[in-house]
Structure formats: C-alpha cells, structure tokens
Amino acid sequence: MELITIFIASIFTHNIALTYILGMCPFIVISRNFNTAVGMGISVIFVVTLATVINWPIYNKILIPNGSELIYYLVFIIVIAATVQLLEMLIEKFFPPLQTSFGIFLPLITVNCMVLAVSLFMVLRKYGFIETVVFALGSSIGWALAIIIMAAIKQKMMINSDVPKGLRGAGITMIIAGLLAFAFMGFAGMVTLQ
Amino acid sequence: MDSPVFTPILIMNSILFAITVILIIAERLLVFYGECSITINKEKILAVEGGDTLLNYFAANKIFIPSACGGKATCGYCKIEVLSGGGHILPTEEIFIGRKERQSGIRLACQVKVRNDIEVLISEDLLNAREYKATIYAMEDLTHDIKRVAIKLDEPSRIEFKPGQYVQFKVPGTDEFRAYSIASAPSSANLIELLVRFVPGGLCSGYIHEVLDTNDKINITGPFGDFYLREDSDRGIICIAGGCGMAPIRSILLHLKEKGMPRRLTYFFGARKKADLFYTEELFALSRQFPNFRYVPALSEPDPQDSWTGETGLITHAVEKFIEPGAYAEAYLCGPPPMIDAAVKVLGNKGIAEIFIYYDKF
C-alpha cells in the first residue's frame with residue numbers, strides 16, 4: 001500500500017516538474033515536438049531510475065557507515081555523469097536505432113537537475129531500497145508525462161492558434177506549465193506524501 | 001586515521017577510481033564497431049576500425065579538412081557532404097549548418113562518428129591540401145601589431161595554390177590550428193609569407209608574436225579556401241581590404257604583376273592611422289609602374305601629426321567615390337565582418353551583382 005502511494009504521489013500529486021519546478025531547462029526547450037519529447041521522457045526514465053538505484057547503496061552502505069555523508073552531493077553528481085556515459089555506450093552497442101532517436105538527449109540529461117533532485121529526495125525522506133526504486137520510477141514517469149503533455153499542447157497550438165508575439169517561445173510555455181500545475185493540484189485529494 | 005576530513009577524501013577518491021575503472025572497461029568491451037569503410041568521392045576507400053570521428057580518420061590518412069578548433073564543434077570549418085551512413089544531425093552541429101545545407105547532407109566532420117560504412121563527398125580542392133614541414137625563414141614587424149612571417153617549406157618543398165587561398169598554422173605543442181592567408185605570389189612555391197596580426201589573448205597570434213623565432217620548425221596544412229582570383233574572367237578588379245586582409249590581396253597583386261597587370265585593378269585599403277599602413281611604398285611603386293593599377297589607402301582617424309593628404313573616413317566612402325556606377329568589375333574583399341558587410345552593400349548599389357563579389361571574413 002505504502003509503495004503504491006509513493007508511486008501514484010510521485011507521478012501526480014508531487015509531480016517533480018509541475019510541483020517542484022525541477023528540470024525546467026529541457027522542459028521548456030525540448031518540448032517543441034511531440035516525438036522528441038517522448039524520446040527525452042524515456043531517456044529520463046532510464047537515467048533517473050538507474051542513477052538512483054546506484055546512488056542508494058553508495059549512500060547507505062558506503063557513505064553513512066564511514067561517516068562521510070557530507071560529500072554526497074559530489075558523489076551523486078559523479079555517479080549520474082558516469083551512469084549517463086555507460087548508458088550511452090550500452091545503447092550505442094545494443095540498440096543502434098534508439099541511439100538516433102533519443103541517444104542524442106543522453107548527454108543533456110547529465111545536467112538535468114531533476115536527476116540529482118530525485119537522489120536528494122531519497123536521502124531527505126530516508127527511503128528504503130524498494131521505496132527508492134518505486135519513487136525514482138514514479139518521479140521520472142511524472143516528469144516524462146509532464147513534458148509529453150506540454151509538447152502535445154504546444155504542437156497543437158503551433159498549428160491552430162495565433163499566440164501573441166510577445167508570448168511566443170518560453171513565455172507561453174510558462175503559462176501552460178502554470179495551468180498544468182493547477183490541473184495536477186486537482187489530484188492532491190487522492191494521496192499525499194508525509 | 002579517523003579524522004573527519006581524511007575518510008571522506010579517501011572514499012571520494014576510491015569512488016572516482018572505481019567509476020573510472022568501470023568506464024574504461026566498459027569502453028573496451030562495448031565500443032567496438034569492427035572494420036568500417038569510408039568511401040570518398042565514390043572512388044577512394046579508407047578501411048578503418050570504427051568508433052572515432054571522420055575528422056580524425058581523415059587526419060590519420062593525410063586528408064586535411066580545415067578545422068580550427070580541433071574537433072570541438074566550435075569553429076564550424078570542417079563541413080563535408082555525407083551521402084550515407086552518417087546518422088542523424090547532432091544538436092552540436094545545428095548552429096553551423098543552415099536549412100539548405102542540411103538537406104544536401106552537409107555535416108561537421110568532427111561530429112560524425114564512424115559506426116558503419118559511410119560515403120562522403122569532399123571537394124577536390126581539399127584533397128589537394130597537404131601537410132608541410134617547414135622552417136621559419138624570416139620575421140619582420142610591419143606595424144605595431146602586424147608581423148610578416150616568411151616560411152620555407154622543407155617537406156614537401158613546393159606548394160601549389162591559387163592567389164587568395166590560406167594555410168592552417170599548427171600551434172606547436174597543441175592540436176590547435178589557425179588559418180592565415182598566404183601573402184606571397186604562387187610562383188614562389190618554396191617560400192611563402194603570412195601576415196599575422198596580434199590578437200590580445202589569441203593563442204596562435206600570441207605564440208607567433210611572442211615565442212616564434214627564425215629557424216623554428218613548424219607544421220602547416222593547406223592550401224584551403226574558395227576565396228581566390230578568378231583567372232578565367234576579363235572583368236576589372238576591385239580589391240577592398242583592412243588590416244591583415246592585405247595578405248590575400250597582396251598575393252593576387254603579386255600574381256597579376258608577374259602577368260603584366262592584364263586587368264584594370266583598384267585596391268582600397270582601410271586603416272585607422274598612418275602607423276597602421278604597410279607596404280605603402282611597394283604598392284605606390286606598383287601603381288607608377290602599371291597605369292592599370294591604382295592604390296587608394298583611406299584612414300578613418302588620422303592623427304594630426306600624420307599630415308595625411310589622402311582619403312579619410314571609412315573605406316566604403318572611398319569606394320563610393322572612386323567606383324563609377326555599373327562598372328564591369330568583380331570584387332575581392334578581405335577584412336573584418338562589419339567592413340565586408342558595408343562594402344558589399346556599397347558595391348551592390350554600384351550595380352555589381354553579388355555573384356561577382358568574393359569575400360573572406362575573419
């Protein structure tokens with residue numbers, strides 16, 4: 001039950017893009033095209049889940065027993081960068097068609113702050129291993145969902161509506177993001193975390 | 001041993017070490033593409049072990065594609081046409097490659113990784129480029145910030161180039177290249193001259209101005225560039241240059257001098273003060289020798305003690321004044337981008353079509 005709560009909450013009520021406003025650079029810039037957004041979303045799900053799963057044992061089994069928690073920021077950043085590198089090699093080797101469709105986003109994800117944020121939340125909320133996996137998966141699915149919805153709306157808007165000149169680009173993206181966040185707040189009655 | 005500083009540092013380093021080892025092993029195991037072939041212009045085939053970039057394979061096979069940044073996708077010089085096998089264009093290339101170029105498959109050679117068989121087109125001019133081992137023969141200050149560098153080619157000992165083209169100078173001890181136009185005539189195939197302006201903070205110009213000395217051994221590659229004298233034309237010639245833009249124009253002038261100045265030529269040279277002018281005597285002597293040739297230097301901010309009696313103001317004013325509308329001419333422009341943009345506009349107003357205006361911005 002607890003796990004389902006974490007999963008649902010991290011996708012909807014505590015959506016990392018729309019409630020915590022994290023990972024905004026790609027959220028604003030790469031949300032122009034639906035297919036690209038799907039590619040970016042899937043890569044984020046991969047990287048976040050994998051990096052967090054690696055970070056959990058490093059934090060709990062290496063850093064804490066040795067009293068070295070204070071360097072966890074540094075360690076997490078390095079682990080994320082290495083994970084992305086590794087993932088890039090794996091994709092290039094075993095799924096070359098994927099490389100062309102979303103492999104190009106992988107280097108960008110290294111500096112996506114939501115990847116680091118998920119690992120930091122894991123520490124802050126003192127999650128166990130299984131909870132961490134569920135939370136990472138949920139958060140990244142939530143972020144992917146948000147960017148895909150955004151891209152779909154923007155793509156439709158580009159064709160059908162006349163956006164005022166001053167609002168084109170980042171401006172209208174911010175407004176849509178605000179409205180989306182309101183919509184996601186509607187889920188708040190369902191579940192809450194802590 | 002249990003100090004609160006020592007343990008975290010030790011752990012940090014062991015984690016870094018472990019990650020590095022894992023990544024190196026992964027790279028050994030995963031990044032292997034087997035034998036790939038690079039087909040150049042449908043005839044020449046290079047067989048390579050895949051995994052590296054096109055630019056590096058070209059360099060390893062003595063094909064010199066111009067590149068100033070050494071493969072970091074910051075200069076945009078190494079454009080080539082990829083016919084097949086190059087994959088999708090990368091975000092790093094997008095700023096350098098326009099929509100039209102994208103459709104014809106233009107890519108940056110430094111960003112295309114060879115993972116499978118690949119087919120490319122390289123212009124014949126680039127295939128003529130070679131790497132030259134050379135020795136600095138002489139150096140001389142022309143103005144307070146421009147140096148003339150004479151370079152004697154050792155191996156191969158002769159370079160064949162069109163007047164106006166440039167070579168790339170390899171900064172010794174680095175993998176960086178910088179482009180400099182050749183300032184000497186093509187007939188002098190063993191000894192070429194470059195004009196190098198000192199750019200504060202510039203890697204190569206700083207090296208040339210402060211470190212380089214006669215008898216130093218250097219490497220250059222070339223010749224490159226589609227800015228060169230069109231010899232099959234009979235139009236009059238208008239040359240406009242500023243600063244180091246003197247170099248390619250001087251090469252064109254010396255070449256035409258040897259041919260007896262067959263075409264009418266007007267050379268506009270823009271500078272700030274009299275102290276920024278160079279080769280003035282040589283150029284005026286040339287204009288006395290050939291009535292077909294006229295040299296028009298213009299100073300934008302002459303000092304009172306310069307006692308300057310020639311043209312003043314921007315070089316475009318002089319062009320405006322001396323070129324009659326509808327002139328049957330082609331133009332060669334070399335200098336800083338704002339000067340070129342302004343000059344192209346003036347020449348356009350004079351009725352010279354853009355296809356007859358050749359320029360080299362730097």
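Side chains included, hydrogens not; waters and symmetry mates left out as well; all remaining heavy atoms used. Chain letters run A, B, ... following the sequence lines, proteins first, then strands; residues in each count from 1.
In the displayed structure, A:Met157 atom CE is contacted under 6.0 Å by more than 12 heavy atoms of other residues, nucleotides or ligands. Heavy-atom neighbours of B:Asp341 CG from other residues, nucleotides or ligands within 6.0 Å: above the threshold of 12. Other residues, nucleotides and ligands contribute more than 12 heavy atoms inside 6.0 Å of the CZ atom of B:Phe198.
Remark: B:Ile15 CD1 to A:Ile71 CD1 distance equals 5.5 Å, nearest 0.5 Å. Between the OG1 atom in B:Thr20 and the CD1 atom in A:Ile78 there is a gap of 8.5 Å [rounded to 0.5 Å].
Across every non-hydrogen atom of A:Ala82 and B:Leu23, the tightest pair is O-CD2, 3.8 Å. Nearest heavy-atom pair across A:Ser68 and B:Thr7 is OG-C, 4.0 Å.
The contact between A:Ile58 and chain B is made entirely by side chain atoms (from C-beta outward), counting heavy-atom distances below 4.5 Å. Of the atoms belonging to B:Ile9, not a single heavy atom falls under 4.5 Å from chain A.
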Kindly indicate, with the supporting measurements, whether the criterion side chain to side chain contact (heavy atoms under 4.5 Å, CB included) is fulfilled by B:Leu29 and A:Met89. CA-CA 10 Å; B:Leu29 292 178; A:Met89 288 181 213; over 6 Å; no

